[in-house]
Structure formats: structure tokens, C-alpha cells
Peer 1: 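Before we start, here is the structure in question, set down as C-alpha cells.
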Amino acid sequence: MVQRCGIFTNPIRNKAKLTKFGNKTVNLISRLETYSEDVLRFTMNFNSPFSNNQAERDVRMVKLQQKISGSWRTKSGVDNFCAIRSYISTMKKHDYNVLDGLNRLFKNQVWLPGET
């Protein structure tokens with residue numbers, strides 16, 4: 001049903017937009033119908049993440065920082081930035097309060113996963 005409505009609303013107008021896999025619109029509509037339960041899972045189960053692409057989320061800030069500044073100035077700056085982002089990401093993955101973790105870090109009481 002969803003696929004028919006989507007294709008009716010978005011008919012193939014231009015044959016030049018076809019890729020080697022077919023029309024992008026038709027492919028998207030087909031994929032959304034096939035995986036509709038997975039696509040809408042976050043609307044029923046609030047514990048499920050909006051996206052399952054954790055790796056992409058972990059590098060997003062690094063790429064954004066690089067895009068804003070144009071490039072990194074020093075290797076040590078990159079290393080420090082990545083270490084801090086990794087520490088914060090690990091705290092979030094373990095449902096630990098990030099602000100408390102950073103406060104402990106600056107007091108030389110480093111939080112490690114597995115601690116309560």
C-alpha cells in the first residue's frame with residue numbers, strides 16, 4: 001500500500017535519473033516498505049536509537065571540526081581532540097554522566113568502564 005502511494009506520488013518523469021540500480025525514488029520507496037518495521041521502530045520503542053550507525057556518529061564531530069577549520073594544525077591537536085571525544089563517547093555508551101566524568105578526569109579520578 002505504502003509503495004503504491006509513493007510511486008503514484010513520485011512517477012518516473014526523467015529516464016536520465018535512472019542509475020545502474022534503477023530509479024532512486026522507486027528504490028527508496030521499495031526499501032522503506034520492505035524495512036518499514038525497522039524504519040519506524042524508534043517511534044514505538046523509545047530505547048532504540050534513531051540511527052544504528054554508531055561508527056558514523058563517532059566520527060561526525062571529527063569531520064565537522066576538520067571542515068570548519070579546513071585542516072588540523074598539529075598531530076598532537078588531532079590526538080587530543082580524538083582522545084577527548086572517545087572518552088565522552090564511551091561515557092555516553094555506558095550511560096555515565098559526561099559532566100561528572102569530566103569533573104573526575106580533571107581531579108585525576110579517571111572514570112573507567114565497569115566502575116559504578
Side-chain angles (χ1 to χ4, degrees):
M1 178 71 175
V2 174
Q3 184 176 14
R4 286 188 218 120
C5 292
I7 291 174
F8 179 75
T9 307
N10 300 290
I12 300 173
R13 293 189 188 117
N14 187 356
K15 298 289 184 190
K17 290 187 178 180
L18 291 175
T19 66
K20 67 180 181 178
F21 299 109
N23 182 285
K24 290 181 180 181
T25 306
V26 173
N27 289 343
L28 176 62
I29 292 167
S30 175
R31 194 173 302 122
L32 288 174
E33 182 179 42
T34 303
Y35 299 107
S36 63
E37 194 174 302
D38 295 327
V39 170
L40 299 174
R41 180 171 290 132
F42 71 93
T43 62
M44 305 281 191
N45 180 358
F46 297 121
N47 292 328
S48 65
F50 183 73
S51 168
N52 66 349
N53 194 348
Q54 184 64 46
E56 192 275 333
R57 279 185 264 152
D58 287 342
V59 293
R60 184 181 300 140
M61 280 302 297
V62 175
K63 296 303 287 182
L64 179 66
Q65 179 69 27
Q66 185 179 23
K67 179 179 163 184
I68 290 170
S69 65
S71 66
W72 294 97
R73 296 183 187 266
T74 64
K75 171 93 168 76
S76 63
V78 174
D79 292 341
N80 292 336
F81 183 82
C82 289
I84 293 168
R85 290 296 306 171
S86 174
Y87 190 66
I88 290 172
S89 177
T90 301
M91 285 188 282
K92 286 181 179 179
K93 289 175 192 172
H94 288 271
D95 293 325
Y96 190 80
N97 187 310
V98 175
L99 189 56
D100 288 343
L102 291 174
N103 281 332
R104 284 184 62 176
L105 178 66
F106 289 114
K107 294 177 184 175
N108 290 325
Q109 301 169 349
V110 179
W111 171 83
L112 296 173
E115 292 181 6
T116 57

Peer 1: For Met91 and Gly101, work out which heavy atoms get closest and say how close.
Peer 2: SD-CA, 3.4 Å
Peer 1: Which residue pairs satisfy the salt bridge (charged side-chain N to carboxylate O under 4.0 Å, His left out) criterion with at least one member in residues 79-94, sequence neighbours excluded?
Peer 2: Asp58-Lys93, Lys75-Asp79
Peer 1: Roughly how far, to the nearest 0.5 Å, is the CG atom of Leu32 from the CG atom of Asp38?
Peer 2: 11.0 Å
Peer 1: Side chain to side chain contact (heavy atoms under 4.5 Å, CB included) with Asn103: which residues, sequence neighbours excluded?
Peer 2: Leu99
Peer 1: When the ring planes of Trp111 and Tyr96 are compared, do they come out parallel, tilted or perpendicular, using 30° and 60° as the limits?
Peer 2: parallel
Peer 1: Is there a donor-acceptor contact under 3.5 Å from the side chain of Thr90 to the main chain of Ser86?
Peer 2: yes
Peer 1: Going only through I, L, V, M, F, W and Y residues with side-chain contacts under 4.5 Å, is there a path from Ile84 to Leu112?
Peer 2: yes
